[in-house]
Protein chains: 2
Amino acid sequence: MNHSQNTDGNAPVQGCETTKLSSKLRDAGLRPTKQRLSLAHLLYSQGNRHVSAEALHEEALGAKVDVSLATVYNTLHQFTDAGLLRAVAVESSKTYFDTNTTDHHHFFIENENRVVDVPASQIHVSDLPEAPEGMEIARVDVIVRLRKKD
Amino acid sequence: MNHSQNTDGNAPVQGCETTKLSSKLRDAGLRPTKQRLSLAHLLYSQGNRHVSAEALHEEALGAKVDVSLATVYNTLHQFTDAGLLRAVAVESSKTYFDTNTTDHHHFFIENENRVVDVPASQIHVSDLPEAPEGMEIARVDVIVRLRKKD
DNA sequence: ATTTGTGCAAATCGTTTGCATCTGA
DNA sequence: TCAGATGCAAACGATTTGCACAAAT
């Protein structure tokens with residue numbers, strides 16, 4: 001970490017990156033508020049991630065970014081609706097948000113409750129059935145469930 | 001519906017079928033209690049189904065089968081653990097239980113929140129990546145998400 | 001100034017659990 | 001008999017919502 005200090009009690013975001021993130025949010029039709037910028041920074045400055053709302057909230061607090069859990073939820077959904085995140089449904093209990101919105105699939109490690117990307121190039125799905133009349137395929141999700149051997 | 005009336009206030013289950021269901025439960029290591037038999041009957045006497053706990057509970061009440069929601073949940077999980085049902089994770093909020101435990105995949109109709117089977121023969125997944133060291137592939141789920149065209 | 005976002009706490013939803021009671025083998 | 005099931009209500013965890021306040025354009 002190489003952030004300069006500031007005085008508002010929130011984690012600073014570096015100037016250049018702030019600009020980029022601001023545009024990203026603005027392009028998505030979202031006002032670049034302090035909280036959204038901070039969360040975006042946490043989400044997008046360390047490669048592809050799969051986070052739950054709770055995890056991101058804790059991470060934010062740890063990074064001295066003062067946001068409420070409700071705002072984290074709101075923000076994650078706003079980002080998802082804007083196409084900046086993708087919600088991954090692996091098990092019905094917790095929602096995971098994936099910063100990788102390109103075409104790809106997932107490993108789900110059952111004992112650890114962890115999601116890992118699998119590049120689309122590494123799985124081929126063929127012979128997809130037709131979508132019924134009046135419907136179209138929105139997306140095909142492949143989840144490879146892994147468990148510890150024996 | 002073609003059930004004969006009885007007096008205990010619960011939906012009757014026909015004799016022959018009861019015997020089959022009893023064995024099915026017994027074979028799975030579950031005592032064939034009245035509630036489990038009734039729920040099994042609802043689940044398995046009308047082809048492959050995808051039900052939520054709540055839906056099954058309402059269906060049971062409608063059929064004059066007097067079970068509590070808690071028991072429905074317990075039963076669904078016991079059946080799942082016993083391999084009589086399969087839990088389908090399509091969206092993190094509700095769990096769907098599938099009476100089809102053979103190898104197959106799913107359509108998920110987004111606006112209707114409905115799950116439909118796709119025979120395994122109709123989708124081919126190839127070039128699966130290796131499972132990491134010490135892990136094995138427990139299952140591969142393919143979910144084809146459908147939405148209404150425009 | 002006006003609109004949009006935020007924080008908080010309370011509400012909601014699906015699900016699980018503790019415990020007293022009942023039931024099937 | 002008696003382990004195992006059930007029902008109920010209360011507990012629970014994840015998520016959403018209502019509303020007063022604060023920040024962004």
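When reading the values below, keep in mind they use all heavy atoms of this one structure, side chains included, and skip hydrogens, waters and symmetry mates. To find a chain, count down the sequence lines: A is the first, B the second, and so on, and within it residues start at 1.
- Scanning for salt bridge (charged side-chain N to carboxylate O under 4.0 Å, His left out) contacts around B:Arg31 gives an empty result, with sequence neighbours left out.
- Side-chain atoms of A:Arg36 do not come within 3.5 Å of backbone N or O of A:Phe79 as any donor-acceptor pair.
- Counting any heavy atom pair closer than 4.0 Å across all strands shown, A:Ser52 reaches no nucleic acid atom.
- Checked by atom type and distance alone, the side chain of A:Thr71 never pairs as donor or acceptor with a backbone atom of A:Val67 at under 3.5 Å.
- At least one donor-acceptor pair closer than 3.5 Å links the side chain of B:His104 to the backbone N or O of B:Thr102.
- The number of heavy-atom neighbours closer than 6.0 Å to CD of B:Gln46, taken from other residues, nucleotides and ligands shown, is above 12.
- In terms of the ring pair (Phe, Tyr, Trp, His ring centres under 6.0 Å) criterion, B:His57 has no residue partners (sequence neighbours excluded).
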- Task: For the pair B:Gln78 and B:Asn74, evaluate side-chain contact (heavy atoms from CB on, under 4.5 Å) and give the outcome as yes or no after the intermediate values.
- Result: CA-CA 6 Å; B:Gln78 291 151 359; B:Asn74 291 336; 3.9 Å; yes
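- Over its length, the helix from C:dA1-D:dT25 to C:dA25-D:dT1 turns its helix axis by 30°, as judged from the five terminal pairs at each end, rounded to 10°.
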Check the interface with nucleotides 10-13 of chain D: list each N/O to N/O pair with the protein under 3.5 Å, or write none.
none

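- A:Ser52 places no side-chain N or O within donor-acceptor distance of the main-chain N or O of A:Thr95, the cut-off being under 3.5 Å.
- Straight-line distance from the CD atom of A:Gln35 to the C1' atom of D:dC21: 13 Å, rounded to whole Å.
- A donor-acceptor distance shorter than 3.5 angstrom exists from the side chain of B:Asp98 to the backbone of B:Asn100, with no hydrogens or angles considered.
- Applying the ring pair (Phe, Tyr, Trp, His ring centres under 6.0 Å) rule to B:His124 yields no partners; only residues at least two apart in sequence or on another chain are considered.
- Put simply, CD on A:Gln78 is 13 Å from P on D:dT17, counting in whole angstrom units.
- Hydrophobic cluster membership of A:Tyr73, counting Ile, Leu, Val, Met, Phe, Trp and Tyr whose side-chain heavy atoms lie under 4.5 Å apart directly or via other members: A:Leu69.
- The stretch residues 70-77 of chain B touches DNA chain C through B:Ala70, B:Tyr73, B:Asn74, B:His77, each having a heavy atom within less than 4.0 Å of the strand.
- Contacts between residues 24-32 of chain A and DNA chain D, defined by a heavy-atom separation below 4.0 Å, involve A:Arg26, A:Arg31, A:Pro32, listed by number.
- For the residue pair A:Asp117/A:His50, the side-chain donor-acceptor check at 3.5 Å is satisfied.
- A:Ser38 places no side-chain N or O within 3.5 Å of a backbone atom of A:Val65 that could act as its donor or acceptor partner.
- Heavy-atom contacts of chain B under 4.0 Å fall on DNA chain C between two terminal nucleotides, which in 5' to 3' order are C:dG14 to C:dA25.
- When each of A:Thr95 and A:Thr33 is assigned the nucleotide of DNA chain D bearing its nearest heavy atom, the one mapping closer to the 5' terminus is A:Thr95.
- Note on residues 133-144 of chain B: pairs passing salt bridge (Lys or Arg N to Asp or Glu O under 4.0 Å), not counting sequence neighbours, are A:Arg145-B:Asp141, A:Arg147-B:Glu136, B:Arg86-B:Asp141, B:Arg139-B:Asp141.
- Residues satisfying the ring pair (Phe, Tyr, Trp, His ring centres under 6.0 Å) test with B:Phe97, not counting sequence neighbours, are B:His77.
- When hydrophobic side chains of Ile, Leu, Val, Met, Phe, Trp and Tyr are connected at separations under 4.5 Å, A:Val90 ends up clustered with A:Val88, A:Tyr96, A:Phe108, A:Val115, A:Ile143.
- Atoms CZ (A:Arg36) and P (D:dT25) sit 10 Å apart, rounded to a whole Å.
- Distance CD (A:Glu91) to P (D:dA14): 10 Å, rounded to an integer number of Å.
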